Structure formats: structure tokens, C-alpha cells
Amino acid sequence: MGGAAATEPYLQELMKIAGYGRVIFALWVVIRCALSMLREKVEPEVWAYLEAADGSSIPLHNWECLLGRSRTADIRLEGPGVERTHAAMQRTAAGHWLLFDLSSRAGATLVNGEPVDGRRRIADGDVLTLGPARLSFIDLCAEQRKTLQRRRKEPGRRIRPGMTLLLLTAFQLFLAMDHAITAPEAYVGSVTGSFCILIFLEWVLFYCLRTLSAKGFEVETLAFFLSSVGLSVTASSDPAGMAKADLLLIIALVMFAALGWWLRDLRRVKLLRWPMAFLALVFLAINLALSVEVFGARNWLTVGGITLQPTELVKVAYVYAGAATLDRLFRKRNLLLYMAFSASIVGAAALMGDFGTALVFFVCFLVVSFMRSGSFATVLLAVTAAVLACGLVLTAKPYVARRFATWGHVWEDPLGAGYQQVRALCALASGGLLGKGGGSGWLRNVPAANTDLVFAMTAEELGMVVAFCCLGSVVLLSLFTVRNAGAGRSSYYVIASCAAVTIMMVQTGLNVFGSLDILPFTGVTFPFVSKGGSSLVSCWAMLAYIKANDTRRNASFATAVHTECDGDRQDFDEDDTDAPETWEGAEGEEEA
């Protein structure tokens with residue numbers, strides 16, 4: 001077979017059948033994932049209880065809980081002596097519980113009648129006094145938690161992830177059929193072999209996670225669906241690079257598994273906080289010094305014949321370091337450090353001329369900082385500074401200003417400034433619902449079609465339905481992350497997953513709306529779909545953060561739960577906690 005053979009009538013019929021198959025199975029896969037991820041009720045885990053004087057019990061569902069009369073407090077307490085942010089409780093990675101006094105009045109927080117000076121470890125049976133409130137602390141050992149876990153309600157009708165993966169395999173086989181017909185004869189074997197390798201890898205990962213009793217596979221299924229479309233993009237635009245695409249996918253999956261395993265222990269996560277931040281800054285410094293300018297942006301680095309974008313790897317380190325820095329409730333010093341770190345990242349991206357990446361980091365910073373501070377003033381200040389910075393960028397970077405000037409006027413200069421977007425709009429309209437077939441489009445011949453214009457290229461070749469399934473997959477990951485945030489075990493997992501999905505969502509929005517001239521054309525990639533090894537590795541690594549915060553029963557592989565009962569625990573060691581030396585109230589000063 002091959003490109004010339006695609007003109008045969010029977011081959012055209014096969015491509016038409018493949019078109020219907022792609023649409024049916026793409027919709028089927030995304031709908032099943034959506035039903036499983038959003039319909040299944042999240043039953044919060046219980047780690048301990050606070051028993052009030054009237055006999056009522058308050059369950060502790062999170063590893064970090066804020067106590068006070070504020071509406072944002074995890075445990076709201078009433079009374080004239082209770083402050084808005086009165087105290088906080090934290091469960092360490094070793095299974096110990098710590099109580100932090102956040103009140104401004106001395107002696108307002110007591111444990112067994114003794115004032116809490118900064119922080120204090122609490123044990124089962126201790127009596128906590130916060131103003132007029134007296135609460136008995138009841139810790140749960142591993143066996144008690146297992147009993148409660150077994151009592152958590154199972155969904156009435158679970159959607160089997162193995163069946164969903166089988167449907168995804170059918171979708172991938174139809175893609176492989178398309179490209180086996182349209183690919184140049186010299187590359188038919190490598191193209192079909194690449195899809196077979198992809199199918200093999202996803203089933204290997206599925207069974208490996210099953211052996212770890214991780215039954216949820218919807219997050220990975222959506223990522224493999226998007227990666228399948230990305231492999232189709234590579235097969236259409238660069239069939240000679242299929243072996244490289246296979247290698248990069250293997251590296252990405254190794255990164256996903258390795259980071260997921262590393263996230264199982266928050267103590268070792270904390271150990272790499274500053275090294276990861278330093279590594280991110282080093283990557284950017286090297287990029288600024290040695291990178292090559294492409295389309296006005298100096299964000300490409302060539303090492304040993306391999307071209308990569310260091311900013312893609314910086315995203316993983318940025319989420320890692322930022323979440324580890326901000327996982328302490330209302331600690332202002334950490335927020336200031338995070339702001340300085342973010343400003344360095346955004347500034348470096350702006351100096352490179354990579355306006356899209358700078359915007360991605362900035363929006364991620366806004367979302368995460370607001371999650372931790374709850375302050376609109378902080379967000380407003382950051383936005384004001386960003387507006388001023390954008391004015392400077394538009395003045396200093398003429399090509400960025402030209403892109404803004406082209407925004408909304410691409411049809412006025414279809415052969416010049418609007419060349420790419422005009423052709424993207426035409427290709428998107430010509431593909432219809434089913435598409436022309438993998439490898440049968442013409443947009444792939446336009447510069448940056450497989451990266452910046454990949455949504456339009458996908459719509460042209462695979463159809464509007466599949467293109468919107470790709471868009472829906474990223475939105476679904478976002479909704480799933482937000483849904484799990486309220487029941488997250490640790491604020492680190494919540495912050496990291498929200499930061500990761502924010503980056504994906506912003507990239508998707510800028511890529512899709514930029515290519516359609518709804519937003520300025522920034523040239524960022526579509527997660528998992530755009531051709532590029534650095535982007536693929538980065539997206540799979542960030543997927544580990546989303547997976548770590550999956551709170552459904554037996555769904556996450558990235559969370560290790562302390563298994564010892566209270567009687568078996570070792571004595572408390574000051575170095576055996578990931579807690580800070582001091583906590584800050586939302587309205588107080590930092591303690592010495």
C-alpha cells in the first residue's frame with residue numbers, strides 16, 4: 001500500500017470505514033472515562049476524629065486542617081474566644097499529628113491544659129482547648145482506617161477500565177489502518193509498528209498498575225488517547241521520525257512511573273524542593289545563554305544532535321517546587337518565596353521571547369497563589385504587574401507586537417501575517433465531522449502545523465468530532481482534578497495537581513483559540529498531541545501529579561499510607577516531619 005494506493009476505490013472505502021470507527025470509538029472512550037471519573041461518588045477518607053463535649057464527632061478528612069471561625073476553615077468553631085484562624089492540625093508523612101497555634105493571644109490554644117508554644121505533637125486521647133471549645137482527639141491506626149475504607153460505598157455500577165482501554169485499542173487500530181494506506185511505502189512498516197508499540201505499552205502499564213491494586217486507569221487512558229492522536233500527527237507530518245516518537249513515549253512513561261513512585265513519600269518530596277527549583281533556574285539560564293532563536297523565540301536547545309525545549313522540563317520542576325513550598329497553610333514567607341521564584345521563571349521566558357510560555361507560567365502562579373492565600377489583593381497586584389510587564393514586552397519585542405496586531409485581522413493579510421491561521425481555519429472547515437483520514441490532509445505542509453496548528457490539523461485529518469474529543473479530554477482532566485481537590489489527602493497533592501492541570505488547560509486554550517484567531521497566536525503546544533519530545537515528556541510527568549490526587553477508592557498508585565498502629569510507631573523525631581518550624585495565621589506576624 002502507500003500514498004499512491006490510496007486512490008483505489010476499495011482503499012477509499014476502507015478509509016471511510018476507518019473514519020466512522022475513529023469517531024465512534026473516540027466518543028465511546030471519552031464518555032466512558034467521563035462517567036467513571038465524574039459520576040463515581042468520592043467518599044472522603046477519615047484519618048482521625050475530634051470529639052466535642054456534647055458527644056458529636058468531627059472527622060478529619062485531610063492531612064492538613066485549619067480550625068477557627070472563618071468560613072474557609074476546615075473545622076469551624078464558634079464562640080467569643082475563637083479567632084478566625086485559631087489553630088491548624090497536620091498529619092506528617094510518618095503518621096504523627098501536630099497542632100499549631102495560630103492565634104494572636106497567648107494561652108488561647110491548650111493541649112491537656114498546657115499552652116501550645118508554636119507547635120506540639122498530639123496523641124490519641126489528648127484534649128484540645130481552643131477558646132471555649134474543648135475537643136478530644138481520637139487518632140486512627142492503620143487497621144481502623146482499613147475498616148473504614150472497606151465501609152466506603154462502592155459505586156453502584158463501576159465502569160471497567162479494562163473495557164475502556166480495549167475500546168481505545170480499537171480506535172488506535174483504525175488510526176493505524178488509515179496511515180498504513182496513506183503513508184509512503186517506505187514508511188508503512190515503521191508507522192504501523194509504532195502504533196503496535198503504543199498499544200503494547202499501554203496494556204503493560206495497565207497490568208502493572210493492576211498488580212499494585214490500582215484499579216483506576218481513566219487518567220492514563222485519556223493521556224494515551226491524546227498520545228495516539230499525537231502519534232497520528234507525527235505519522236502524517238514526519239513518518240521518518242516514528243522510531244524517535246516511540247523512544248520519547250517510552251521515556252515519558254518512565255518519567256510518569258518514576259515521579260509517581262517518588263510522590264509516595266512526602267518526606268523525600270520535600271528534600272528535593274530546593275534542588276528542583278535550582279534545576280529549573282539552571283535550565284533557564286542555559287537556555288538564555290545557548291538557545292537558538294526560532295520564529296522570534298529563543299527556546300530551542302540542541303544537545304548532541306537532539307533538539308529540546310528546556311522550558312517544557314521547567315514546568316515539571318516548577319510544579320514540584322511550587323507545591324512543596326506552598327503546602328503550608330497561610331505561611332506568608334513561603335508565598336513570597338514562591339512569588340520570587342515565579343517572577344524569575346516568567347521573566348526568563350519573556351527574555352527568551354516565548355510570550356506563550358511566560359503566560360502559561362503566570363496563569364499557573366495566579367491559580368496556585370490564590371489557592372494558598374485566598375487573597376484577591378495578591379492576585380490583583382500580580383495582574384497589575386503583569387499588565388505593565390506586557391507593555392514592556394510589546395515595546396521591546398516587535399514580533400510579539402506584530403502578533404497582537406494580526407489578532408482578529410488574519411483575513412486582511414492571508415499571504416503574510418495571517419498565513420498560518422487562514423490556512424488553519426480552511427483546513428478545519430474542510431475536514432468535516434469524520435475528517436479526510438490520517439495522512440490525507442494538506443495543512444501538514446504549512447510551517448508549525450504539527451505543533452502550533454495541531455488542533456486544525458487534527459480536525460482536518462481525523463474530523464471535528466475527534467478534535468473536540470481531544471479538547472474534551474483535557475477539560476475532563478481539569479474537572480476531575482477540581483472535583484478531587486476538596487477531598488485531597490495532602491495539600492501538596494492538591495496544589496501540584498491543580499498547578500499541573502492549569503498548565504495543561506492554559507496551553508490547550510492558547511493553542512486552540514490562537515490557531516482559530518480567537519486569541520493572539522502564541523505558539524504553545526497542545527498537551528500530548530503536538531509533535532515534540534520535550535512537550536510529551538513534560539505532559540506525562542505532570543500527569544503523575546494529577547494521578548497522585550485521585551481520591552477514588554484504590555485508584556491512585558502514587559499515595560503510600562502509613563501502615564503502623566499507634567502502639568507500633570516510633571518516638572517522635574523533630575527531623576521526621578515535613579512540617580514547618582512555625583505557622584502563620586492569616587492575620588498574624590511570623591513567629592521567631
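Heads up: numbering here begins at 1 and tracks the sequence. It should be emphasised that the depicted structure is a prediction, and the values quoted were computed from it without experimental measurement.
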> Which residue pairs satisfy the salt bridge (Lys or Arg N to Asp or Glu O under 4.0 Å) criterion with at least one member in residues 520-532, sequence neighbours excluded?
Replying inline: D238-K531

When rounded to the nearest 0.5 angstrom, what is the spacing between [atom1] in [X] and [atom2] in [Y]?
X    : Y    : atom1 : atom2 : value
Q421 : L453 : CD    : CG    : 7.5 Å
I251 : W540 : CD1   : CH2   : 14.5 Å
L226 : C539 : CG    : SG    : 9.0 Å
I199 : L168 : CD1   : CG    : 8.0 Å
E312 : I503 : CD    : CD1   : 9.5 Å
T481 : I546 : OG1   : CD1   : 4.5 Å

For [X] and [Y], work out which heavy atoms get closest and say how close.
X    : Y    : result
N511 : S530 : ND2-OG, 4.1 Å
R268 : W261 : NH2-O, 2.5 Å
L313 : V537 : CD2-CG1, 4.4 Å
A544 : L263 : O-CD1, 3.9 Å
L476 : V30  : CD2-O, 4.1 Å
F225 : C470 : CE2-N, 3.9 Å

Within the structure provided, determine whether [X] and [Y] are in side-chain contact (heavy-atom separation under 4.5 Å).
X    : Y    : value
S36  : T164 : no
S515 : D452 : no
Q172 : L231 : no
S497 : N484 : no
L222 : L543 : no
V229 : F171 : yes
L209 : E220 : yes
V233 : S236 : no

> Quick one: side-chain hydrogen bond (donor to acceptor under 3.5 Å, both in side chains) partners of N450, sequence neighbours excluded?
Replying inline: S237

Check for a donor-acceptor pair, side chain of [X] on one end and backbone N or O of [Y] on the other, with a separation under 3.5 Å.
X    : Y    : result
R273 : A321 : no
S232 : S228 : no
E460 : L443 : yes
R210 : L205 : no
E202 : T221 : no
R423 : V446 : no
S190 : Y187 : yes

> Should R444 and E461 be marked as a side chain to side chain contact (heavy atoms under 4.5 Å, CB included) after you check the CA-CA gap, both sets of side-chain angles, and the distance that decides it?
Replying inline: CA-CA 10 Å; R444 67 181 188 273; E461 295 194 355; 4.0 Å; yes

> For the rings on Y493 and Y545, is their centre-to-centre separation under 6.0 Å?
Replying inline: no

>> Between F528 and F224 (judged by ring centroids, cut-off 6.0 Å), do the two rings come close enough to count as a pair?
In response: no

> With a 3.5 Å cut-off and no angle check, do the side chains of T525 and S535 form a donor-acceptor pair?
Replying inline: yes

>> Students often mix this up, so state it plainly: with edges at 30° and 60°, are the rings of H179 and F195 parallel, tilted or perpendicular?
In response: parallel

> Mind checking whether F206 and W203 have parallel, tilted or perpendicular rings, split at 30° and 60°?
Replying inline: perpendicular

>> Run F362 and I345 through side chain to side chain contact (heavy atoms under 4.5 Å, CB included) and show every step you take.
In response: CA-CA 9 Å; F362 178 69; I345 298 290; over 6 Å; no

> Looking at residues at least two apart in the chain, or sitting in another chain, which of them share a salt bridge (Lys or Arg N to Asp or Glu O under 4.0 Å) with E218?
Replying inline: R552

> Under the side chain to side chain contact (heavy atoms under 4.5 Å, CB included) criterion, do V501 and F480 qualify, and how do the steps go?
Replying inline: CA-CA 10 Å; V501 84; F480 178 67; over 6 Å; no

>> I'd like to know whether Q507 forms a side chain to side chain contact (heavy atoms under 4.5 Å, CB included) with F526, so could you lay out the CA-CA distance, the side-chain angles of the two residues, the decisive distance to 0.1 Å, and finally the verdict.
In response: CA-CA 6 Å; Q507 283 189 214; F526 193 116; over 6 Å; no

